[in-house]
Every structure is written in structure tokens, then in C-alpha cells.
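The chains referred to below are lettered A, B, ... by the order of the sequence lines, with proteins before strands, and numbering in each begins at 1.
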Number of protein chains: 2
Amino acid sequence: MIEGEVIEPEGLRYTPAGLARMAFKLRHTSMQQEAGMQRQVQCDVPALALGEVAQKISRLQPGQKVKAEGFLAQRSLKIAQLVLHIDNVTLR
Amino acid sequence: MIEGEVIEPEGLRYTPAGLARMAFKLRHTSMQQEAGMQRQVQCDVPALALGEVAQKISRLQPGQKVKAEGFLAQRSLKIAQLVLHIDNVTLR
């Protein structure tokens, strides 16, 4: 589970099979405890949603804060960049 | 929370402040449900542990399966690559 703002939405597209597809980034900012020290974390996580979740995200305003659940996968067989696939999103 | 195998351990190092530091990759393989379809996921997640967790991971065999908890952060201010900072690790 990760919280963040929906940024850089690419707009709703469709796969060749007609499935809704929405790519965006999730800007995560938080304070974390690491080895007994507080640190600030900021990262922009490449994210992808398919189907109903994609449609739900496409209706959000850019900058909307959400809680997202999903799994990490490689962008493609050849590109090792990590992409967070979003299964479920709730507004914060 | 993510499960995976500890691969490519770099060996235990120490920060200038004397804190143990261990970089490795977590090879995650699973079946995931996405938009009603089953898919296989494999990814190698760059990971970093500090302090006691780093020492614990340095004692594992390469290939050891673990459950890890932590947070995502950018590799550095200039490098946007995501690194999973591991707070807690348990053997599987």
C-alpha cells in the first residue's frame, strides 16, 4: 500500500483487446524511520492501471491524493524499470 | 510487503558514520490478478538495508527467500531509480 498524488496522467487509452489503460505517476512523500533516524522520502513511482481502476483514476483531478494497492512489475521483458500496477485505489 | 529471493548481494559495507549498509536485489516472482486476468510477474527490485537489518541480510545465503517490509525512495536526488529500503525482513 502506498499513498501519493496522481501526477502526469497520460489520459485513458485502450488496449488492442479494448481494455481501459491509464498510465500516470504516483508522487509519494512521507517521513520514514530508518535505522533509528527520521528521514523524508519523496519519489515519483511510475504507475499503471487497467480496466475499472483505470477508469476510476481517469476521473480524478491531477494532484488528487490517493491510497493505492497493487504489485510491482518490470515495464517490459527488456526494460527493467519498475512499474506499480494498481489493483485498487481509494481517495484520501 | 514483498516476497522474494535475495540476489546480487554486494556485501556488508559501512557508512562514514559507521552504520552497516547492505545493497542487494530482491527477485520477486508471483501470480497476480489484474483486470480479471491471471498474470505472472517477475521483477528484480533494487533494495537497501541499513543498521541491524543490513547485518541480518548479510548473514543470509544468496537465493534465500524472504518477506520484506519497507518503503520506496529515489536512489538519489538526481537519479530517479526506485530503491526499496528494507525495514524488516523475515525468512520464508
Pairs of heavy atoms under 4.5 Å with chain A: top-ranked of B:Gly70, B:Ala73, B:Ser30: B:Ala73
Test log, rule side chain to side chain contact (heavy atoms under 4.5 Å, CB included), inputs B:Arg39 and A:Phe71: CA-CA 11 Å; B:Arg39 60 168 283 174; A:Phe71 58 91; 4.0 Å; yes
Within 6.0 angstrom of B:Glu52 CD, more than 12 heavy atoms from elsewhere: no
Part of A:Val53 lying under 4.5 Å from any heavy atom of chain B: neither
Cluster link A:Val66 to A:Ile86, ILVMFWY, side chain under 4.5 Å: yes
Under 4.5 Å from a heavy atom of chain B, the part of A:Gln42 involved: backbone
Test item: side-chain donor near acceptor, B:Glu34 and A:His85, under 3.5 Å: yes
Heavy-atom contact with chain B under 4.5 Å, split by part of A:Ile2: side chain
Gap separating the CG atom of A:Leu84 from the CG atom of B:Leu82, nearest 0.5 angstrom: 9.5 Å
CG (A:Leu91) with more than 12 external heavy atoms under 6.0 Å: yes
Single-linkage hydrophobic cluster, 4.5 Å side-chain cutoff, B:Met22 and B:Val45 together: yes
Side chain to side chain contact (heavy atoms under 4.5 Å, CB included) between A:Gln74 and B:Val41, worked out: CA-CA 8 Å; A:Gln74 289 198 175; B:Val41 173; over 6 Å; no
Part of B:Ala80 within contact of chain A (heavy atom distance under 4.5 Å): neither
Part of A:Gln81 within contact of chain B (heavy atom distance under 4.5 Å): neither
CD (A:Gln61) with more than 12 external heavy atoms under 6.0 Å: no
Spacing of B:Leu26 atom CG and A:Leu72 atom CG [to the nearest 0.5 Å]: 10.0 Å
Greatest number of heavy atom pairs closer than 4.5 Å to chain A - which of B:Cys43, B:Gly51, B:Gly36, B:Ala20: B:Cys43
